[in-house]
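Here's the structure we're looking at; comments come further down.
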Amino acid sequence: MGNPGTFKRSLLLSALSYLGFETYQVISQAAVVHATAKVEEILEQADYLYESGETEKLYQLLAQYKESEDAELLWRLARASRDVAQLSRTSEEEKKLLVYEALEYAKRALEKNESNFAAHKWYAICLSDVGDYEGIKVKIANAYIIKEHFEKAIDLNPKDATSIHLMGIWCYTFAEMPWYQRRIAEMLFASPPSSTYEEALVYFHRAEQGKTYLKLHNKKLAALWLTKARDYPAHTEEDKQVRRNRSS
Ligand SMILES: *[C@@H]1O[C@H](CO)[C@@H](O)[C@H](O)[C@H]1NC(C)=O
């Protein structure tokens with residue numbers, strides 16, 4: 001206390017830190033406002049690119065914000081990643097990376113906002129995409145999760161014809177599952193996923209009432225998913241083993 005120099009300095013420091021704190025508060029409030037405005041702008045731009053079919057540009061735009069905490073942005077990034085994965089000029093290695101990346105973004109979108117129907121829908125779609133790279137056991141386990149998320153998406157937005165239509169495809173896929181696939185499923189799970197054509201039809205009719213699913217990209221999406229869900233190529237050792245057991 002005897003040194004007035006020290007006292008003066010500490011007074012100055014505390015004044016500075018007080019000012020610093022104020023400044024920080026002002027800046028961070030401004031940053032929040034700015035960030036919200038910015039997200040809206042990005043989404044607007046993203047939706048324009050999506051409608052124009054600018055798949056790669058859309059991905060490039062949204063990938064810059066992959067650390068975002070915004071569910072609306074993250075599910076769009078998930079969709080864009082899988083759209084790039086679907087392009088014929090995308091290599092097989094890139095495709096695999098993108099498909100898993102898409103799932104990661106969709107998962108984060110869900111974590112950020114569980115009430116966002118689109119996050120549930122794209123999580124379900126992305127999870128079904130990674131099935132191409134997983135063994136049959138994982139694929140069947142994922143089928144339950146996929147269904148849950150489509151159902152949740154429909155609960156949150158009963159007018160979303162895409163989710164309703166994809167739910168119909170889910171039911172159709174498991175209604176027409178050939179006997180040998182059902183045998184595999186029964187070997188692996190106590191109650192394997194199953195459905196009926198009637199159940200599938202209910203969803204298809206409901207989706208048709210919505211009509212919006214007739215948009216070209218949704219039709220393409222559904223068709224891709226349908227062929228994918230139907231073939232169960234033996235990609236992994238696990239698949240092959242299951243098949244060997246089946247034939248023995
Ligand atoms: C979560 O999503 C719902 C539906 O889109 C929205 O109404 C709500 O404001 C969102 N919550 C947050 C925290 O962003």
Side-chain angles (χ1 to χ4, degrees), residues 24-55 57-84 98-130 142 144-170 203 206-222 225:
Y24 171 75
Q25 270 194 325
V26 171
I27 289 173
S28 63
Q29 272 165 13
V32 168
V33 171
H34 181 67
T36 323
K38 207 171 166 204
V39 167
E40 272 162 21
E41 269 169 40
I42 300 162
L43 295 183
E44 211 169 290
Q45 209 179 340
D47 290 344
Y48 174 76
L49 290 174
Y50 184 72
E51 292 305 323
S52 327
E54 296 278 6
T55 307
K57 277 189 196 154
L58 174 60
Y59 175 74
Q60 280 157 14
L61 169 74
L62 292 178
Q64 295 173 61
Y65 305 101
K66 58 182 172 198
E67 304 304 329
S68 171
E69 308 263 298
D70 190 278
E72 289 288 334
L73 198 153
L74 288 167
W75 73 252
R76 282 171 174 83
L77 178 54
R79 182 180 65 183
S81 307
R82 85 177 283 286
D83 281 349
V84 174
L98 284 162
V99 157
Y100 279 93
E101 198 181 304
L103 180 63
E104 222 21 66
Y105 297 139
K107 191 173 152 197
R108 280 203 9 240
L110 260 190
E111 282 164 7
K112 297 301 166 202
N113 191 346
E114 283 227 13
S115 319
N116 190 307
F117 85 91
H120 284 279
K121 169 168 70 176
W122 290 100
Y123 182 71
I125 293 170
C126 292
L127 194 58
S128 84
D129 284 342
V130 303
N142 284 350
Y144 298 97
I145 305 170
I146 290 165
K147 188 181 187 207
E148 263 173 38
H149 286 281
F150 278 137
E151 281 170 347
K152 189 75 190 165
I154 297 168
D155 277 352
L156 288 166
N157 182 0
K159 290 203 162 96
D160 183 47
T162 314
S163 293
I164 298 169
H165 187 69
L166 291 175
M167 194 60 221
I169 290 173
W170 190 99
Y203 283 109
R206 238 181 100 181
E208 209 159 350
Q209 281 160 9
K211 284 292 182 203
T212 44
Y213 82 99
L214 283 173
K215 277 184 181 176
L216 186 64
H217 52 256
N218 285 347
K219 251 207 297 204
K220 266 199 290 195
L221 173 78
W225 198 64

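Counting convention: from 1, in listed order, for ligands and their atoms alike.
Inside a 4.0 Å radius of atom 7 (O) of ligand 1 there is not any protein heavy atom.
Near S115, the atoms of ligand 1 lying under 4.0 angstrom from a non-hydrogen atom of the residue are 4 (C).
A cation-pi contact links R79 to Y50, judged by a cut-off of 6.0 Å to the six-membered ring centre and 45° from its axis.
Among protein heavy atoms, the minimum distance from atom 10 (C) of ligand 1 is reached at N113 ND2, 2.5 Å.
Summarising the local packing, OH of Y48 is surrounded by 12 or fewer heavy atoms from other residues, nucleotides or ligands at distances under 6.0 Å.
A perpendicular orientation is assigned to the rings of H149 and Y123, their planes being inclined by more than 60° (bins at 30° and 60°).
Scanning for side chain to side chain donor-acceptor pair (under 3.5 Å) contacts around D155 gives an empty result, with sequence neighbours left out.
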